[in-house]
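Reviewing the structure listed below.
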Amino acid sequence: VEEGISILKAAERVGVKVPTLCYHPDLPAWAACGICVVKIEGSPKMLRACATPVADGMSIITHDPEIVEVRRTVIELILSTHPNDCLECGRNQNCELQRLAAEFGIRAMPFEQRVRKLPRDESTPSLVFNPEKCVLCGRCANVCQSMQNVWALEFIGRGENTRIAGAGDILINDTPCIKCGQCSAHCPVGAIYEKDETGKVWEALRNKEKYCVVQIAPAVRVALGESFGLEPGTLVTGKAYAALRRLGFKAIFDTNFGADLTIMEEGSELVERLVHGKGDLPLITSCCPSWVDYMEKYAPDMIPNFSTAKSPQMMVASMVKTYYAEKMKIDPKNIFMVSIMPCTAKKYEITRSQNMYSTGQQDLDVSITTRELARMIKSSGIDFLSLPEEEADSPLGEYTGAGTIFGATGGVMEAALRTAYHLITKRELQDVEFKDVRGLQGVKEGKVNIDGTEVRIAVAHTMSNIETVLKKVREARKKGEELPYHFIEVMACRGGCVGGGGQPYGATDVIRKKRAAGLYTDDATHGLRCSHNNPAIATVYKEFLDHPLSEKSHKYLHTVYTARPLYRK
């Protein structure tokens with residue numbers, strides 16, 4: 001193995017499993033739990049495999065009676081401070097602590113139960129934090145600080161009194177939290193999880209006076225299948241449509257249509273700024289509400305640069321309660337609009353500002369995650385794998401390949417460039433694939449020549465990488481130098497929406513790559529691959545919106561941003 005690799009990773013290479021709890025491949029190892037202990041032959045000392053590098057000639061003992069007994073004791077001690085209510089927990093049968101207890105055959109508790117009485121934090125519209133279930137692995141604080149650079153969570157206290165809490169020991173919603181849900185995605189147990197709103201959806205589906213409409217996001221279609229035993233990246237779009245119909249939704253639409261609509265607006269914005277000089281450069285594009293929250297708190301100086309286009313889910317919602325309602329002669333007040341998202345921050349976005357009420361009522365009523373939809377399907381007795389492939393409803397269910405790649409980092413940029421080329425040159429792009437913006441590199445930079453106009457681009461995912469890009473822009477402005485970029489795409493979660501905080505648990509870079517590959521396959525096999533070629537988009541503009549950046553499109557498809565303090569007072 002290469003020099004510097006940990007014992008844990010070296011063991012994996014040769015097919016030896018060393019158990020872990022605090023370790024996650026996304027994060028730097030910090031040896032908190034002690035379950036991964038191993039020995040070096042000839043030494044009685046136990047080392048933590050996740051944080052100990054191998055050395056040439058090292059002979060490692062990963063399993064012997066003493067090591068197994070130590071690991072078992074550590075797990076038993078953790079269980080003694082953990083609530084014994086697995087049946088009521090959202091992580092039941094998908095819990096790393098539960099799995100370890102089963103693997104070690106723990107059937108009785110040798111230690112006295114010492115569960116601390118700590119209040120739940122349900123202050124955010126997206127997440128619930130139950131500190132009683134926290135195992136102090138530190139993953140949530142680690143991801144919030146090192147990957148997201150938000151610092152909303154931290155360790156409080158010392159010794160037996162140590163606990164995780166909102167920074168400064170305040171409610172999470174009063175911290176700089178951006179609701180990205182990466183804390184919940186990395187939590188090994190049920191201490192942090194999405195705020196379950198499936199009850200609201202079931203209630204609406206049972207209400208005969210409600211006309212229930214649903215939309216499904218790009219990244220959901222390549223991850224939902226994992227909840228039913230399919231390989232990550234498997235496209236289940238048609239089965240998802242079929243399942244939603246069987247749940248009782250009267251109309252099935254696709255957020256990819258909203259992505260195509262977003263590109264028409266954002267692409268036009270780029271042309272206005274780049275070609276006509278109307279507006280600040282660089283233009284920053286994103287469909288990520290966590291970035292919006294971050295920008296308003298951490299980077300308000302970038303507000304003039306950020307596209308005012310709403311996210312695809314909000315565009316579809318506004319079109320459902322205006323354009324679609326008019327065509328179908330339905331009172332918008334009776335429409336109940338649901339979105340299936342890979343993201344916990346989408347729950348926050350639906351009431352983020354008055355712009356989310358552009359139709360005269362709340363445009364989008366409920367947003368649920370991929371995990372929540374999977375639970376709804378399972379509880380309904382639907383045999384998901386046996387479902388036929390069905391189509392979405394027209395007109396807000398038709399999409400192009402450009403719309404589907406929104407779910408991967410670089411996808412929004414690639415889709416926008418395909419249409420920006422057409423808007424600038426009035427010609428169709430022959431090679432529509434911009435592979436330089438694909439992949440999991442934290443910051444991707446490049447140059448695109450559009451009919452003699454050089455467009456410098458950057459793509460960043462996770463907040464710590466985004467800050468690197470913004471720093472370059474600020475330094476160039478300060479020095480009066482030429483801007484390093486004209487166009488920037490940002491996403492809060494690693495890998496983009498495919499790695500969102502509401503996706504099936506266990507995401508790693510291997511899984512993120514597979515999910516992204518599924519989206520690029522969907523794009524490559526589409527007959528139409530540019531947003532401006534979507535006939536349904538053309539019809540909506542012709543019949544309702546007039547043209548991109550029109551007065552009507554600004555009313556329903558655009559928003560505004562406001563600088564806000566990091567901490568609520």
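At most 12 heavy atoms of other shown residues, nucleotides or ligands fall within 6.0 angstrom of atom NZ in K9. Within a 6.0 Å sphere centred on NZ of K435, other residues, nucleotides and ligands contribute 12 heavy atoms or fewer.
The list of side chain to side chain donor-acceptor pair (under 3.5 Å) pairs with a residue in residues 278-292, not counting sequence neighbours, reads E266-T285.
Side chain to side chain, E372 and T369 meet the donor-acceptor criterion of an N or O pair below 3.5 Å. Judged purely by distance below 3.5 Å, without hydrogens or angles, the side chains of E96 and Y505 never pair a donor atom with an acceptor atom. Between the side chains of S531 and D260, at least one donor-acceptor pair of N or O atoms lies under 3.5 Å. Donor-acceptor pairing under 3.5 Å is recorded for the side chains of S311 and E349. A donor-acceptor contact closer than 3.5 angstrom is absent between the side chains of Q313 and T255. Side-chain atoms of K444 and T409 include a donor-acceptor pair closer than 3.5 Å. For the residue pair S358 and D363, a side-chain donor N or O sits within less than 3.5 Å of a side-chain acceptor on the partner. With 3.5 Å as the limit, one finds a donor-acceptor pair spanning the side chains of N355 and T559.
The closest donor-acceptor contact from the side chain of S318 to the backbone of M315 lies under 3.5 Å. Under the 3.5 Å distance criterion, the side-chain polar atoms of D436 are left unmatched by any main-chain donor or acceptor of G446. Not one N or O on the side chain of R512 forms a donor-acceptor pair closer than 3.5 Å with the backbone of G499. The backbone N or O of P218 lies less than 3.5 Å from a partner atom in the side chain of R221, making a donor-acceptor pair. Of the possible polar contacts, none joining the K133 side chain to the V189 backbone as a donor-acceptor pair under 3.5 Å is found. Distance alone, capped at 3.5 Å, places no donor-acceptor pair between the E154 side chain and the A167 backbone. Listed for the R515 side chain is no donor-acceptor partner under 3.5 Å among the backbone atoms of A219. No donor-acceptor pair under 3.5 Å is formed between the side chain of R273 and the backbone N or O of G279.
Here S307 contributes atom OG and E269 contributes atom CD; the two are 3.5 Å apart, rounded to the nearest 0.5 Å. Note that CG of L97 is 10.5 Å distant from CZ of R91, once rounded to the nearest 0.5 Å. The NE2 atom of H554 sits 9.5 Å away from the CG atom of L557 when rounded to the nearest 0.5 Å. Interatomic distance, R529 CZ to I405 CD1, rounded to the nearest 0.5 Å: 8.0 Å.
With sequence neighbours excluded, no residue satisfies side-chain hydrogen bond (donor to acceptor under 3.5 Å, both in side chains) with T237. For T262, the side-chain hydrogen bond (donor to acceptor under 3.5 Å, both in side chains) test picks out no residue, with sequence neighbours left out. Remark: T198 engages D196 in a side-chain hydrogen bond (donor to acceptor under 3.5 Å, both in side chains) (not counting sequence neighbours). Qualifying side-chain hydrogen bond (donor to acceptor under 3.5 Å, both in side chains) partners for K513, counting only residues two or more places apart in sequence or in other chains: none. By the side chain to side chain contact (heavy atoms under 4.5 Å, CB included) test, E454 pairs with K447, R456, sequence neighbours left out.
The residues E414 and R438 are annotated as salt-bridged, a charged nitrogen and a carboxylate oxygen being separated by less than 4.0 angstrom.
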**Study point:** Worked check of salt bridge (charged side-chain N to carboxylate O under 4.0 Å, His left out) between E481 and K472
**Key:** CA-CA 11 Å; E481 297 175 348; K472 285 188 177 182; over 6 Å; no

**Study point:** Trace of the salt bridge (charged side-chain N to carboxylate O under 4.0 Å, His left out) decision for E197 with K347
**Key:** CA-CA 9 Å; E197 295 185 290; K347 294 174 180 287; 3.4 Å; yes

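Two residues are said to be in side-chain contact when any heavy atoms from C-beta on lie closer than 4.5 Å; V320 and L396 meet this criterion. Side-chain contact between I350 and M314 is present, with heavy atoms from C-beta onward closer than 4.5 Å. Annotation: side chain of I192 is in contact with side chain of L153 (closest heavy-atom distance under 4.5 Å). Here the side chains of H461 and L440 are in contact, with some heavy-atom distance below 4.5 Å.
With L373 as reference, L224 is the one residue of V338, V214, L224 to meet the side-chain contact (heavy atoms from CB on, under 4.5 Å) rule.
A cation-pi arrangement is not found for R375 relative to Y193, the charged atom failing to lie both closer than 6.0 Å to the ring centre and inside a 45° cone about the ring normal.
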